[in-house]
Amino acid sequence: MLSLYNTLTGKKELFQSLQPKHVRMYVCGVTVYDYCHIGHARSALVFDVLRRYLEFSGYQVEFVKNFTDVDDKIIKRANERGVSCETITAEFIEAYYQDMGKLGVRRATHEPKATEHMAEIIALVGTLIQKGLAYPVAGDVYFQVEKYRDYGRLSKRKLEDLQAGARVDVDERKRHPMDFALWKSSKPGEPSWESLWGPGRPGWHIECSAMAMRHLGETFDIHGGGMDLIFPHHENEIAQSCGATGKEFARYWIHNGFVQINQEKMSKSLGNFFTIREIFEKSEWPEDITGEMLRYFLLATQYRGPLDFSDRAIKEAKQALDGFYDLFQRLHEVGDRAAGESELASGIDRAQEAFRQAMDDDVNTPMALATLQKLRSDVNKFLEQGLSPEKRKLARTAFRSLGAVLGLFQLETWQFKLAPGVLSGRDGSQAVLADHDIESKLVERNEARKQKDFKKADEIRHFLAARGIVIEDKPDGTSRWKR
RNA sequence: GGCGCCGUACCCAAGUGGUUAAGGGAGCAGUCUGCAAAACUGCGAUGCAGCGGUUCGACCCCGCUCGGCGCCUCCA
C-alpha cells in the first residue's frame, strides 16, 4: 500500500483514493514567461513519477497540470519585447514541451490554461462574494481571510503571526493585510475580461481553484507543487475552494523540495540559476547531458529533501546509467551455458517486491534505485556463471518494466551510446565515426590480435579512443565497443 | 518576530527504538586479462553535529546548543 507524506497533516498517511482504482490529481504548473529551470524539472518529474507509479499500481490516473498564462510577469515581458502576451505564452509553452519532452516527462491528461477558464473563474469569484467571503473594491475583488475559519491550516500559520511579519505595504483598501486579490481591474493595454466588477483579470490563486474544480470536481485526491507554493498559493486555494463549496478540496497535499546550488536555493538574484536547456546545451559542461541522466540525478534524492545540483552529481548519474546499460549490452549478447538460471527468476521477484516497497514508502526513489542497483549486481553475477537467451531476455524485461516507473532504461543500448549527441540536440563538433566504420576497425584489430600483432592492435585502440570509442575485449576473442 | 526543514563514512544518499547502519561514486587490495576495460571478490562509519533526558536499550522519541537552509512578497 502506498503511503504519502501529507503537508496538511504533517504525517505519512496511507493513500486511499476517493474512487476505487481511480486517482484524480492536480499539480500547479508553470507561469509561462520564461524558460524552465531545474527546479521546475524536479517538480514536474516528481509528479510524473508519482503518476507513473500510481498507474503501475493499477490506478487509472486523471492528471491535471495547468499553465498560468495571465500574470504580471507575462505582461511585463510582453511590454519589454513589444509583443502580445499570447506571443510570449505560446513561445514558452512550446519551450516547456521541448524541455520536459527531453526529460521524458509525460503530458498530463488535461493541461488547462487560465485564459480558457474565465467563465469558471468569474463564476467562482461571484460565489465567494455571495457567500460573504469576498468583497469588491473599485473594480478589484479581495478574499477576506478573516471570514474563513481554517485559514492557515495547510501552512500552520496564524493570521496574527502573518500580520506581525508582513513585509509588504498594506493596501488601504483591504480589510485585512492578508486579504488577497481574486480579481484585478486591468489597466489600459493589459489583457482583460468583462466581469460584474468591470474589466479585469484573475488573481493568481483563483485560476487553480477554478481549473481543478472544472476538471476534477470539487473534491479530489492529490494536489501537488513545490514547497514554496504552500504559502500563500495553496493556502489561498484551499480558502477559496472550500469557502465556495463548503466541501473538502484536495485530500493529499504533496510538496517537493528545492533544487539548490551550493546549499542555497536557486534564484535569479543570486545568479545561480540553470535552465533546463542551458544544462542540455551548455558547452562548459565536460560531457553532454541527456534527459535520462538528469532524470536519474533528480530521482537519486527523496523528493521532499533539498537537492544540490552539481557537475559531480550529474557525473555520478551518468556513471550509474553506464553501469546499467553495460549490463543491458551484455544481456544482448549470445549466451548458452546455464548455471544460475533458477536463482535469477527469484532474484528478479525479490527485486520487484523491494522496488514496490520502496515506492510505496512515500515514493522513495533513492531506495528504489538501490534495489535496481542490487539487481544489476545480482544479474552480473549470474552472467558470470552463464545465462540462456531466455533468461537474459527475462532480466532485460524486468529492468525495462521497473525502469519505466522512473522513466529510465527504456533505450536500446545502441541508442544510449548515441544519446549524448542525439538527445541533447548537439551534433558534436568532432567528426563522428559511423557504427560500421567502428565495426570494421574492430575486425581489423581482432585480426591483428590473432596474428599477435599487438602493436597494430593498440594503434587501433588508440585511434578509436581518440574519437571517444572504448573497446572492451570479450573472452571469446571478439570485442564490444561503446562511446 | 512567527512557521518549517536539514546536519549519517572521502563524496552522494537510504534507513531502523534492540540481529551485520542500504545502495552508488571515489580509494585500496585481489581474480581475470597480450594491453586495456568491464565484471567479480575483499577492505572501509565501535558510530549517525554536540550535550543532556526518557527507556532495560536511542542514530532513530523529548529538550537544549552549534552549524546550514527555506517560507512569511513573485517563486517549483
Side-chain angles (χ1 to χ4, degrees), chain A residues 7 10 27-31 33-34 36-47 68 71-73 76 152 155-169 178 180 204 224-233 235 255-260 262-269 296-297 300-308 310 312-313 315-320 322-323 326-327 329-330 354 358 361 364-377 379-381 383-385 448-449 452-455 457-458 461-462 465 470-475 479-482:
Chain A
T7 306
V27 171
C28 290
V30 294
T31 301
Y33 74 105
D34 205 346
C36 290
H37 58 249
I38 326 174
H40 296 114
R42 186 183 194 193
S43 187
L45 201 53
V46 163
F47 295 103
T68 295
D71 170 87
D72 290 345
K73 293 187 290 292
K76 185 167 173 253
S155 56
K156 287 146 187 79
R157 287 154 213 253
K158 296 190 181 88
L159 228 34
E160 308 85 72
D161 299 340
L162 286 166
Q163 208 168 350
R167 280 188 262 159
V168 242
D169 293 336
M178 294 313 295
F180 56 91
W204 176 35
M227 307 234 60
D228 49 353
L229 297 184
I230 295 172
F231 192 90
H233 186 55
E235 192 69 63
H255 295 96
N256 65 276
F258 288 120
V259 176
Q260 313 181 322
N262 297 325
Q263 321 289 325
E264 281 179 320
K265 179 182 175 177
M266 286 197 310
S267 77
K268 287 185 177 172
S269 53
Y296 193 103
F297 156 70
T301 298
Q302 212 274 343
Y303 78 89
R304 280 190 284 129
L307 195 177
D308 225 61
S310 69
R312 189 180 167 74
K315 192 183 173 199
E316 286 194 8
K318 177 189 164 32
Q319 285 175 306
D322 281 344
D326 281 352
L327 170 61
Q329 178 166 16
R330 294 178 73 201
D361 184 14
N364 192 334
T365 52
M367 188 65 164
L369 287 172
T371 70
L372 293 171
Q373 288 281 11
K374 177 74 168 54
L375 183 62
R376 180 183 72 90
S377 167
V379 174
N380 263 320
K381 281 171 206 163
L383 222 35
E384 295 275 299
Q385 303 166 38
R449 288 171 69 210
K452 303 278 182 212
D453 184 357
F454 296 121
K455 185 163 178 282
D458 287 345
R461 175 188 286 289
H462 295 140
V470 178
I471 299 171
E472 291 176 14
D473 294 332
K474 294 189 277 182
S479 310
R480 68 170 76 94
W481 62 274
K482 58 187 180 184

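Naming: A, B, ... by sequence-line order, numbering from 1 per chain. Reckoned from all heavy atoms, side chains included, excluding hydrogens, waters and symmetry mates. In this text the structure is predicted, and so the values were computed from the model without any measurement.
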* Among A:Lys482, A:Gln329, A:Arg330, the one residue meeting side-chain hydrogen bond (donor to acceptor under 3.5 Å, both in side chains) with A:Glu472 ->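 Single side-chain hydrogen bond (donor to acceptor under 3.5 Å, both in side chains) partner of A:Glu472 among A:Lys482, A:Gln329, A:Arg330: A:Lys482.
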Looking only at side-chain atoms of [X], point me to the closest of [options].
{"X": "A:Asp458", "options": "B:rG34, B:rA76, B:rC74", "result": "B:rG34"}
{"X": "A:Lys156", "options": "B:rC35, B:rC72, B:rC3", "result": "B:rC3"}
{"X": "A:Met367", "options": "B:rA14, B:rC72, B:rA76", "result": "B:rA14"}
{"X": "A:Val470", "options": "B:rA76, B:rC3, B:rA37", "result": "B:rA37"}
{"X": "A:Met178", "options": "B:rU73, B:rA76, B:rA36", "result": "B:rU73"}
{"X": "A:Asn256", "options": "B:rG2, B:rA36, B:rA76", "result": "B:rA76"}
{"X": "A:Ser43", "options": "B:rA13, B:rG24, B:rA76", "result": "B:rA76"}
{"X": "A:Gln319", "options": "B:rG23, B:rA14, B:rG25", "result": "B:rG25"}
{"X": "A:Lys265", "options": "B:rA36, B:rU41, B:rA76", "result": "B:rA76"}
{"X": "A:Val30", "options": "B:rC69, B:rA76, B:rG34", "result": "B:rA76"}

Nearest-Å distance, [atom1] ([X]) to [atom2] ([N])?
{"X": "A:Lys73", "N": "B:rU73", "atom1": "NZ", "atom2": "P", "answer": "15 Å"}
{"X": "A:Glu235", "N": "B:rG4", "atom1": "CD", "atom2": "C1'", "answer": "14 Å"}
{"X": "A:Glu472", "N": "B:rA39", "atom1": "CD", "atom2": "P", "answer": "8 Å"}
{"X": "A:Tyr303", "N": "B:rA14", "atom1": "OH", "atom2": "P", "answer": "13 Å"}
{"X": "A:Asp228", "N": "B:rC69", "atom1": "CG", "atom2": "P", "answer": "18 Å"}

For [Y], does its backbone N or O pair with a side-chain atom of [X] as donor and acceptor, under 3.5 Å?
{"X": "A:Arg480", "Y": "A:Lys474", "value": "no"}
{"X": "A:Gln302", "Y": "A:Asn364", "value": "no"}
{"X": "A:Thr371", "Y": "A:Ala368", "value": "yes"}

* Asked: Does the pair A:Asp473/A:Arg461 count as a salt bridge with the N-to-O cut at 4.0 Å?
  ->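 Result for this pair is yes, salt bridge flagged.
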* Toward the 5' end of RNA chain B, by each residue's nearest nucleotide, A:Gln302 or A:Gly257 ->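 Nearest nucleotide further toward 5': that of A:Gln302.
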* **From A:Leu45 atom CG to A:His40 atom NE2, the distance as rounded to the nearest 0.5 Å** =>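 If I round to the nearest 0.5 Å, the distance is 14.0 Å.
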* **Close side-chain approach of A:Arg42 to A:Leu307, heavy-atom, < 4.5 Å** =>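 Of all side-chain heavy-atom pairs linking A:Leu307 with A:Arg42, at least one is under 4.5 Å.
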* To do: Would you check if A:Thr68 and A:Lys73 make a side-chain contact, meaning some heavy-atom pair closer than 4.5 Å?
  =>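 Side-chain contact under 4.5 Å: no.
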* To do: Could you tell me whether A:Lys76 atom NZ has more than 12 heavy atoms of other residues or ligands within 6.0 Å of it?
  =>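 No, because the 6.0 Å sphere around NZ of A:Lys76 holds 12 heavy atoms or fewer from other groups.
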* Any chance NZ of A:Lys374 has more than 12 other-residue heavy atoms, nucleotides or ligands included, within less than 6.0 Å? ->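 No, because the 6.0 Å sphere around NZ of A:Lys374 holds 12 heavy atoms or fewer from other groups.
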* Rounded P spacing from B:rG68 to B:rA26 in Å ->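 After rounding to an integer number of Å, I get 32 Å for this pair.
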* Asked: Expressed in whole Å, how much space separates the C1' atoms belonging to B:rU41 and B:rC60?
  ->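 These two C1' atoms come out 33 Å apart once rounded.
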* Asked: Taking N and O atoms by type only, does the side chain of A:His255 place a donor or acceptor under 3.5 Å from a partner on the base of B:rA76?
  ->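 Donor-acceptor pair under 3.5 Å: no.
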* Asked: Does any N or O donor sit under 3.5 Å from an N or O acceptor when you compare the side chain of A:Arg42 with the base of B:rA76?
  ->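 Answer is no: no donor-acceptor pair is held.
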Distances for protein N/O vs nucleotides 5-12 of chain B N/O pairs under 3.5 angstrom?
from: B:rC11; atom 1: O2'; to: A:Arg312; atom 2: NE; distance (Å): 3.4

* To do: Go through RNA chain B and write down every stem, that is, every run of at least three consecutive Watson-Crick or G-U wobble pairs with distances under 3.5 Å, as range with range.
  =>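 Stem segments, range with range: B:1-7 with B:66-72, B:10-12 with B:23-25, B:27-31 with B:39-43, B:49-53 with B:61-65.
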